[in-house]
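Only one structure is covered here, and it is reproduced in the block below.
Lettering follows sequence order; numbering is per chain, from 1.
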Amino acid sequence: DAGVTQSPTHLIKTRGQQVTLRCSPKSGHDTVSWYQQALGQGPQFIFQYYEEEERQRGNFPDRFSGHQFPNYSSELNVNALLLGDSALYLCASTRTPSYNEQFFGPGTRLTVL
Amino acid sequence: AQTVTQSQPEMSVQEAETVTLSCTYDTSESDYYLFWYKQPPSRQMILVIRQEAYKQQNATENRFSVNFQKAAKSFSLKISDSQLGDAAMYFCAYRSRRDDKIIFGKGTRLHILP
């Protein structure tokens, strides 16, 4: 049973560019959350998707947007990249109801130059 | 707003000994979950142990146990018989039962000395 997978593993972009990160949830899971983990910090919640809609959002600007597809996979899009967007982006999936455990993927390391 | 504080950026313990990682949190809610996650160099965040606030009994998972003090808003993790594979970043985390986001502390890096 594959766990949560994310692609790509690493990514290098320059300021002002746009990036798309992808996540496939664990089999049987229908809810996907995205977190940003800056170097030396704990992860911070960006948003969560369920039934193809954003269900909850953290304190991130509109440059951060997402999408969930009918197969429950998800994308995180970041526009107009800033140096401060350099971080590890983690995806977590769970099966509704939400008190179930969230399983994390290995993350995508984004470097903005 | 809820916050999670881990005051120990780094800790070291001799292999086979016991170590305790500290965590405090702040919330005005009464119904919530607390977690300890492990993040090894592979970056995969792994759930170590989970505590539901309405349960007074402290959670245990094999060599891992917690000391949950609800009134003091304290949630420490004890690792017994430390093994080399326990070396990692450990994050204390909180989630309200009302919503889905997990709030993490800044982490404690645990070194295991052979």
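A:P43 has its side chain within reach of B:F91: a pair of non-hydrogen atoms, C-beta onward, lies under 4.5 Å apart.
Summarising the geometry, atom CG belonging to B:L47 is positioned 8.0 Å from atom CZ belonging to A:F103; distances are rounded to the nearest 0.5 Å. Note that CG of B:D99 is 7.5 Å distant from CZ of A:F45, once rounded to the nearest 0.5 Å. Taken to the nearest 0.5 Å, the NZ atom of B:K101 stands 12.0 Å off from the CD atom of A:Q102.
Contact annotation for A:Y50: neither backbone nor side-chain heavy atoms come within less than 4.5 Å of a heavy atom of chain B. Heavy atoms of A:Q41 lying under 4.5 Å from chain B belong to its backbone as well as its side chain. Contacts between A:Q37 and chain B at a heavy-atom distance below 4.5 Å involve the side chain alone, from C-beta outward. Neither the backbone nor the side chain of B:E52 comes within less than 4.5 Å of any heavy atom of chain A.
Annotation for B:D100 and A:Q48: closest pair OD2-OE1, 2.7 Å, computed over non-hydrogen atoms. Contact between B:R43 and A:P106 at its shortest, heavy atoms only, is NE-O, 3.1 Å.
Ranked by heavy-atom pairs under 4.5 Å with chain B, the list A:G40, A:A92, A:G105, A:G58 is led by A:G105.
Hydrophobic clustering, with ILVMFWY side chains joined whenever heavy atoms are under 4.5 angstrom apart, keeps B:I102 apart from B:Y94. Note: the hydrophobic cluster containing B:W36 does not contain B:Y33 (ILVMFWY, side chain heavy atoms under 4.5 Å, direct or indirect links). Residues B:F104 and A:L90 share a single hydrophobic cluster, defined by chaining ILVMFWY side chains whose heavy atoms lie under 4.5 Å apart. Hydrophobic clustering (ILVMFWY, side-chain heavy atoms < 4.5 Å, transitive): B:L113 and B:L84 are in distinct clusters. Criterion: ILVMFWY side-chain heavy atoms under 4.5 Å apart, direct or through other members. Under it, B:F35 and B:I103 are not part of a common hydrophobic cluster.
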What's the verdict on side-chain contact (heavy atoms from CB on, under 4.5 Å) for A:L88 and B:M45, showing C-alpha distance, side-chain angles and the deciding distance? CA-CA 12 Å; A:L88 178 68; B:M45 194 76 76; over 6 Å; no

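The environment of A:Q44 atom CD is sparse: at most 12 non-hydrogen atoms of other residues, nucleotides or ligands sit within 6.0 angstrom. Summarising the local packing, CD of B:E10 is surrounded by more than 12 heavy atoms from other residues, nucleotides or ligands at distances under 6.0 Å. For NZ of A:K13, the number of neighbouring non-hydrogen atoms (other residues, nucleotides, ligands) closer than 6.0 Å is greater than 12.
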